[in-house]
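Okay, structure first, notes after.
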Amino acid sequence: MNIFEIYLKKINEIVLTLNKKKIIIIDENLSSISVDVPPGNFNSDISTNVSMVLSKLNKKNPVELAKIIVKELAKDKNISKVEIVKPGFINIKFKKSFWNDFVKNIILNHESFGINQYEKKNNFLVEFVSANPTGPLHVGHCRGAILGDVISNILKFNKHKVFKEYYVNDYGNQILSFTKSVFLRCREIIYKETFPVMSQDIYPGDYIIGIAKNIIKNNPKLNFDDFEKISKNLTILSVEESLQIIKSNLKKLGILHDKFQSETNLVQNKEVEKVIEKLIKNNFVYKGKIKAPIGEDNKNWIEREQLLFRSTDFGDDKDRALQKSDNTWTYFASDVAYHNNKIERKFDKLINILGADHAGYINRISSSVEALSGEKDKLICKVSQLVKLIKDGKPFKMSKRKGDYITIDDLVKEVGKDATRFIMLSRSSDVELDFDFTKVKEKSKDNPLYYVQYCYARISSVFRNINQNINDEIKLENYNFSYNEDEIKILKKISQWPIVIDIASKKLEPHRLPTYLYELASDFHSYWNKGKEDNNKRFIDKNNKISNDKIVFLKSISNVIKSGMNIIGVDTPERM
RNA sequence: GCGCCCUUAGCUCAGUUGGAUAGAGCAACGGUUUUCUAAACCGUGGGUCGGAGGUUCGAAUCCUUCAGGGCGCGCCA
């Protein structure tokens, strides 16, 4: 039940009727008419800008126009007061009985409260994490991982279909270096050869030893004399090991992908050739030269003729190479094939979650998607900005040198899954995020996660005190409540929950959830403390009884907290 | 040089796809526990929304431009 949507519809109807009666003129497009939350200092529940939107067209000043509309609105039996305010806003105040119905509706439909029933349900593919399978995930991957997971949860909550995918870059030079590192670690173990830690293109991390040990144990017949001979086989084994680590990292964060799509697999199935043929047919590919990159040493740059994709046709700043000088495909080429593969699987929308360091890649890949699908906004890229790690009050820089980076396992062990998820989501993905280890670890009041969870725990404790459980179904004969102003204030906050979900879902902005839940928890804590001075605002009375009004009131709050925390993917403990 | 992101209170940030007198938390100071969980609450101070133009009934929000900070630029992935 989205009361803002309901009243927007009502106002549109009024305007249409008035237009039919030739009382007012309307635009074909009514979309700029909105129903919003009025600022707190006005004593009203919802407000609308109709008369300001239509005033110019009608050559009437907004206040005059508002008077006509207000006359119609006043017929609504739920409304107790309608006011016209300064520039021309119409402010509406509901009767108490309206809030009675509102709460009743939540209780009877608690499963679906907050869900936006869009006319069109989309089928989304969300690609996220997609880190190179060369080792465990570290903190840097964490934000994007959680972002993608919760965006998926939000879309699912709104009844869209979501498929979560991880693209495995198991092809190319980096994987070759990785396999070589595993190979050398194997020789270190078997032949006691010294491992060249400082050598270039070699992964020094200790985790490779573990991978090597596993491979030796599970493949006793493997011979490590000649790299060329086993390289192909060893790559498969190494990537498999590394994916096991990555999957277990993700599991610790509570993240489960539906599919891991291998790049090598696409190359072997000739999907790259297939897509390039398709592009050639449509004249999106040509042979040409590109200039050396700017701002770097390019003494070694050799200009040569090569296969290029016309990404400039779609707004990219240069055309992009598809083939390397050794005739293998570039990363971009197989990624185009991958996106073609996604398109062929008939998703309505493709969502990619990228780290800030890959933002420069967006133009070329969305160009390719547009070229292949003919749809301009088929692909939506969401960039998550950097996480600034702070430890002991100082910025903490991760480097590739051993021991100098924090893995997701370390993080979850120290901070916990819930705090990690909640904090990582607490800011808009467009801004850098300070992640302060020492602070997040403290179970202090500074930590917004506990603040919200505490609200739920307090509500649970009320139910516990009267020998009920917060999860018990409520069965009431009649729903006849009367709420005071402090309670209605919280009900109004609850009424905004569907809007929060709506915006978060349309703009793919999960941070709106923690922000909102914090505010709701704050309103509740505030109300709770009023019970110390005013017995009417306590939930349990002297006779250890609770009124239906209060039960239902508490249920409405805990319902929203729980469903929000579920989407974020964190627990709501009943005791703290 | 070019592209993307950011600039809002001392600090960290919200701000409902253009709305009304711009809001939280932290930090500072003062208060609240015989009673449902004080991991909480209440109060006080704190602002030229980076600068300058523009668009309009109306701008923190949109456009142009300038300044500052971050990330990126490849036949790496």
Side-chain angles (χ1 to χ4, degrees), chain A residues 4 32 34 36-42 47 49 52-53 55-56 61-62 85-89 91 130-132 134 169 171-175 263 290 292-296 298 301-302 304 306 316-318 321-326 328 330-332 334-335 355-363 383 385-386 388 426-434 436 439 443-448 450-451 453-455 457-466 496 499-500 502-503 506-507 511-512 515-516 518-519 522 524-533 535 538-542 544 546 575-576:
Chain A
F4 297 90
S32 44
S34 66
D36 302 286
V37 183
N41 46 322
F42 290 97
S47 83
N49 63 353
M52 285 180 299
V53 172
S55 76
K56 201 173 185 184
N61 94 49
V85 184
K86 235 183 1 191
F89 287 101
N91 286 353
S130 298
N132 285 345
T134 55
N169 302 132
Y171 176 85
N173 291 329
Q174 290 193 10
I175 284 298
E263 179 182 3
I290 43 173
I294 292 160
E296 264 188 52
N298 33 35
W301 183 268
I302 306 159
R304 68 172 191 99
Q306 57 185 333
D316 199 3
D317 27 304
K318 56 174 124 174
L322 294 162
Q323 214 164 15
K324 297 189 235 173
S325 56
D326 64 359
T328 59
T330 60
Y331 170 79
F332 176 60
S334 46
D335 207 16
D357 51 343
H358 288 77
Y361 187 74
I362 294 174
N363 251 332
V383 175
Q385 294 298 319
L386 287 185
K388 273 193 283 181
S426 61
R427 302 284 180 234
S428 150
S429 58
D430 284 339
V431 305
E432 288 185 6
L433 179 107
D434 287 348
D436 190 325
K439 253 191 191 168
K443 294 203 167 178
S444 78
K445 56 185 170 183
D446 293 4
N447 194 323
Y450 298 115
Y451 188 83
Q453 286 181 328
Y454 188 48
C455 167
R458 272 182 156 172
I459 294 174
S460 299
S461 85
V462 172
F463 284 94
R464 207 163 40 237
N465 276 293
I466 49 165
Q496 292 165 29
I499 307 181
V500 172
D502 183 40
I503 296 163
K506 282 183 180 148
K507 299 176 89 166
H511 75 278
R512 289 171 186 273
T515 306
Y516 170 84
Y518 188 91
E519 288 167 7
S522 173
F524 175 77
H525 288 312
S526 178
Y527 181 88
W528 179 278
N529 278 275
K530 284 187 174 150
K532 290 186 170 145
E533 280 157 22
N535 271 322
R538 292 176 62 78
F539 295 101
I540 300 172
D541 65 22
K542 285 174 236 151
N544 211 32
I546 187 168
R575 281 174 204 268
M576 286 175 74

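Computed from a predicted model, the values in this text were never measured in an experiment. By convention in this document, chain letters (A, B, ...) are assigned in the order of the sequence lines, proteins followed by strands, and residues within each chain are numbered from 1.
- In this structure, A:Trp528 does not pack face-to-face on the six-membered ring of B:A40, missing the 5.5 Å centre cutoff or the 30° plane limit.
- Not one side-chain nitrogen or oxygen of A:Arg458 sits closer than 4.0 Å to the OP1 or OP2 atom of B:A39.
- Note on A:Ile175: nothing from the nucleic acid sits closer than 4.0 angstrom, heavy atoms only.
- A:Arg304 contributes a side-chain N or O that forms a donor-acceptor pair with the base of B:C75 under 3.5 Å.
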Can you give me the dot-bracket string for RNA chain B, 5' to 3', counting Watson-Crick and G-U wobble pairs with both distances under 3.5 Å, using [ ] for crossing pairs and | for partners on another strand? (((((((..((((.....[...)))).(((((.......))))).....(((((..]....))))))))))))....
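- Each of A:Pro39 and A:Tyr454 lies near RNA chain B, and the nucleotide nearest A:Pro39 is the one positioned closer to the 5' end.
- Base contact: A:Asn41 has a heavy atom under 4.0 Å from a base atom.
- For the P atoms, the distance linking B:G25 with B:G45 amounts to 15 Å, nearest Å.
- Judged purely by atom type and a 3.5 angstrom limit, A:His525 uses its side chain to pair as donor or acceptor with the backbone of A:Tyr451.
- A:Lys86 has a side-chain polar atom (N or O) that falls below the 4.0 Å cut-off from OP1 or OP2 of B:U21.
- Across all strands shown, A:Tyr171 has heavy atoms under 4.0 Å from sugar-phosphate atoms exclusively, and none from any base.
- For the C1' atoms, the distance linking B:U33 with B:U21 amounts to 36 Å, nearest Å.
- B:A39 and B:A9 have their P atoms separated by 32 Å, given to the nearest Å.
- Using a 4.0 Å heavy-atom distance criterion, A:Ala457 is classed as a base contact.
- The same atom, C1', is picked in B:G47 and in B:C13; the two are 15 Å apart, to the nearest Å.
- Judged by distance alone, with hydrogens and angles left aside, the side-chain atoms of A:Ser34 form no donor-acceptor pair with the main-chain N or O of A:Asp36 at under 3.5 Å.
- Of the candidate nucleotides B:C4, B:C71, B:U56, B:U56 has the atom nearest to the side chain of A:Lys56.
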What string of B, S and - do you get for nucleotides 5-17 of chain B, 5' to 3', if B is base contact, S is sugar-phosphate-only contact and - is no contact with any protein heavy atom under 4.0 Å? SS-----BSSSB-
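- Here A:Asn91 lies in heavy-atom contact (under 4.0 Å) with a base.
- The same atom, P, is picked in B:C5 and in B:A14; the two are 15 Å apart, to the nearest Å.
- Rounded to whole Å, the distance from CZ on A:Arg575 to P on B:A39 is 15 Å.
- B:A52 and B:U8 have their P atoms separated by 15 Å, with the value rounded to a whole Å.
- Within the nucleic acid shown, A:Ser325 comes within 4.0 Å of at least one base atom, counting heavy atoms only.
- In B:U33 the base sits syn relative to the sugar, since the glycosidic angle is no further than 90° from 0.
- For the pair A:Asn169 and A:Ile175, the tightest heavy-atom approach, listed with the atom from each and the gap, is O-CG1, 3.2 Å.
- Taking the six-membered ring where tryptophan is involved, the planes of A:Trp528 and A:Phe539 are tilted, since the angle between them lies from 30° to 60°.
- If you check every strand for non-hydrogen atoms under 4.0 Å, A:Tyr361 touches a base.
- The main-chain N or O of A:Thr134 is never found under 3.5 Å from a side-chain atom of A:Asn132 such that the two would form a donor-acceptor pair.
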Please assess A:Val462 against A:Ile540 for the test side chain to side chain contact (heavy atoms under 4.5 Å, CB included), listing each intermediate value before the final yes or no. CA-CA 7 Å; A:Val462 172; A:Ile540 300 172; 4.0 Å; yes
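- No donor-acceptor pair closer than 3.5 Å links the side chain of A:Ser522 to the backbone N or O of A:Tyr518.
- The 5' end of RNA chain B is approached more closely, in terms of each residue's nearest nucleotide, by A:Arg538 than by the other of A:Asn169 and A:Arg538.
- Separation of the C1' atoms belonging to B:U7 and B:A28 is 26 Å when rounded to the nearest angstrom.
- B:U64 and B:C6: their P atoms are spaced 14 Å apart (whole Å).
- Checked by distance alone, A:Ser47 brings a side-chain donor or acceptor within 3.5 Å of a matching partner on the base of B:A20.
- Contact detail for A:Met52 and A:Pro62: the closest heavy-atom pair is CG-CB, 3.9 Å.
- Proximity of a side-chain donor or acceptor of A:Thr330 to a complementary backbone N or O of A:Leu322 within less than 3.5 Å is detected.
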